[in-house]
Amino acid sequence: MKLGGLKARHSMAGWLFVSPWIIGFLIFTASPLFYSLYLSFQKVKITTSGVQTTFVKFENYKYAFGVDAVFVDNLTNYLKELVISVPIIIVFSLIIALLLNQKVKFRGMFRTIFFLPVIISSGPVIKELMDQGITTIPSIEQYAIYQALNANPDAFVNGILLYLIKNLIVILWFSGVQILIFLAALQKMDSQTYEAASIDGASPWECFWKLTLPSLLPMIIVNVIYTIVTYSIFSLNPVIDHIQRNMFKVDTGFGYASALSWIYFLIITLALALTVGAMTLKRKKNYS
């Protein structure tokens with residue numbers, strides 16, 4: 001009985017500590033979230049007498065895919081950019097983390113430099129930098145490779161390469177937090193394992209593929225989730241900008257904007273589920 005009473009007190013203490021978050025989530029997150037789901041099936045008008053809603057079933061969702069070509073185009077471009085950007089960010093973060101994990105001088109300063117864009121890359125700041133052309137490779141338009149790619153920008157491969165050239169610096173700016181996560185994981189690895197592998201004749205390249213990369217797979221999954229979410233909610237994302245614009249239009253309004261938000265949310269969730277599911281299956285195969 002005493003043991004059961006102790007567990008009950010510990011459980012009660014845990015609930016008391018977490019209750020502020022639960023209350024805040026229910027009031028400030030869950031309630032607006034489900035209200036937006038309700039509005040997505042409504043035609044919303046804001047009048048002097050208050051908010052007026054008219055039930056329109058799935059008309060807002062049909063309008064998004066059947067009439068609103070701008071939303072479909074922005075959504076398609078977002079998915080393309082996501083497929084291109086996430087692997088680049090993860091690979092770049094891993095490479096920088098491996099370099100910063102070495103015993104070099106001014107290692108702390110280099111970590112600060114690579115994390116600095118996370119602090120300054122807010123919407124207004126990065127928008128100003130993009131308008132000034134600082135986020136692109138200098139004088140790239142003068143190179144023959146850029147002119148050749150720009151001659152046929154609608155081609156699939158050309159479009160990917162042009163996107164990378166124009167947005168490479170912006171893409172790399174999303175890597176600060178991921179570098180720190182990889183770096184923390186690398187510093188916790190057992191050095192004796194690498195010493196044993198070296199004694200057995202393993203090269204540094206083999207150690208990376210057989211020891212380092214499998215050990216980092218959980219952190220890779222975490223970074224992929226973080227990167228997809230961060231890239232998706234970036235303030236300069238054209239999908240988010242389109243949703244915000246439709247909030248205040250007379251012919252669409254809050255109801256249609258809510259429908260667009262839920263479509264976008266479901267697509268992000270699906271992208272996370274597919275990516276994490278595939279990587280989790282890969283991890284299980286490696287350990288089986």
Side-chain angles (χ1 to χ4, degrees), residues 18 21-47 49-87 89 121-124 126-127 163 167 170-171 174 177 221-280:
V18 81
W21 181 89
I22 295 176
I23 295 172
F25 175 80
L26 292 175
I27 296 175
F28 299 109
T29 303
S31 178
L33 184 68
F34 288 108
Y35 185 62
S36 70
L37 180 61
Y38 165 77
L39 291 181
S40 68
F41 299 100
Q42 309 289 325
K43 179 70 175 179
V44 181
K45 290 184 178 181
I46 300 177
T47 63
S49 59
V51 179
Q52 297 179 356
T53 59
T54 304
F55 183 62
V56 292
K57 298 182 180 179
F58 291 95
E59 292 302 318
N60 288 328
Y61 293 91
K62 293 178 181 178
Y63 185 87
F65 291 104
V67 180
D68 194 351
V70 176
F71 175 71
V72 176
D73 185 58
N74 288 338
L75 198 61
T76 304
N77 291 334
Y78 156 77
L79 291 174
K80 290 180 181 178
E81 293 174 5
L82 193 69
V83 172
I84 299 169
S85 302
V86 172
I89 293 171
S121 61
S122 62
I126 198 169
K127 180 66 167 59
Y163 170 75
N167 300 276
V170 176
I171 291 172
F174 282 94
V177 175
I221 295 175
V222 171
N223 277 337
V224 167
I225 295 173
Y226 177 83
T227 305
I228 292 176
V229 173
T230 304
Y231 194 86
S232 301
I233 64 174
F234 187 49
S235 59
L236 298 182
N237 190 315
V239 179
I240 295 179
D241 180 68
H242 185 70
I243 294 173
Q244 292 174 343
R245 291 176 183 274
N246 277 276
M247 288 175 59
F248 304 103
K249 288 185 177 179
V250 178
D251 56 337
T252 53
F254 279 86
Y256 181 62
S258 298
L260 294 182
S261 300
W262 274 93
I263 293 171
Y264 190 46
F265 168 74
L266 292 175
I267 289 175
I268 295 173
T269 304
L270 182 61
L272 287 170
L274 292 176
T275 305
V276 176
M279 297 186 70
T280 304

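Keep in mind that what you see is a predicted model, and the values were worked out from it rather than measured.
Distance OG1/T76 to NZ/K80: 6.5 Å, rounded to 0.5 Å. Interatomic distance, OH of Y256 versus CD of E59, reported as 12.0 Å (0.5 Å rounding). In this structure, CE on M247 lies 8.0 Å from CD1 on I46, to the nearest 0.5 angstrom. Taking OH of Y35 as the reference point, atom CD of Q42 lies at 8.5 Å (rounded to 0.5 Å). Once rounded to the nearest 0.5 Å, the distance linking CG of L26 with CH2 of W21 reads 8.0 Å. Interatomic distance, N246 CG to D68 CG, rounded to the nearest 0.5 Å: 6.0 Å.
Contact annotation: the side chain of I267 approaches that of L79 to within less than 4.5 Å [non-hydrogen atoms, C-beta and beyond]. Side chains of T53 and Y38 form a contact here, defined as non-hydrogen atoms less than 4.5 Å apart. Contact annotation: the side chain of N237 approaches that of Y264 to within less than 4.5 Å [non-hydrogen atoms, C-beta and beyond]. Counting only heavy atoms from C-beta outward, the side chains of V229 and L272 approach each other to under 4.5 Å.
Of all the heavy atoms in S36 and W262, the pair that sits closest is OG-NE1, 3.0 Å. For the residue pair A271 and L82, the shortest heavy atom distance occurs at CB-CD2, 4.3 Å. Across all their heavy atoms, N60 and S40 have their closest contact at ND2-O, 2.8 Å. Here the closest heavy-atom approach between residue I228 and residue V86 is recorded as CG1-CG2, 4.0 Å. Across all non-hydrogen atoms, the minimal contact from A259 to Y61 is O-CE2, 3.8 Å. Minimum heavy-atom separation, Y231 to S85: OH-OG, 3.5 Å.
Between the side chains of Y78 and S232, at least one donor N or O lies within less than 3.5 Å of an accepting N or O.
Using the six-membered ring where Trp is involved, F41 and F55 have ring planes that are tilted, between 30° and 60° apart.
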TODO: Go through the steps for L260 and T252 under the test side chain to side chain contact (heavy atoms under 4.5 Å, CB included), then give the verdict.
DONE: CA-CA 11 Å; L260 294 182; T252 53; over 6 Å; no
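In this structure, the side chain of N77 engages the main chain of D73 through a donor-acceptor pair within 3.5 Å.
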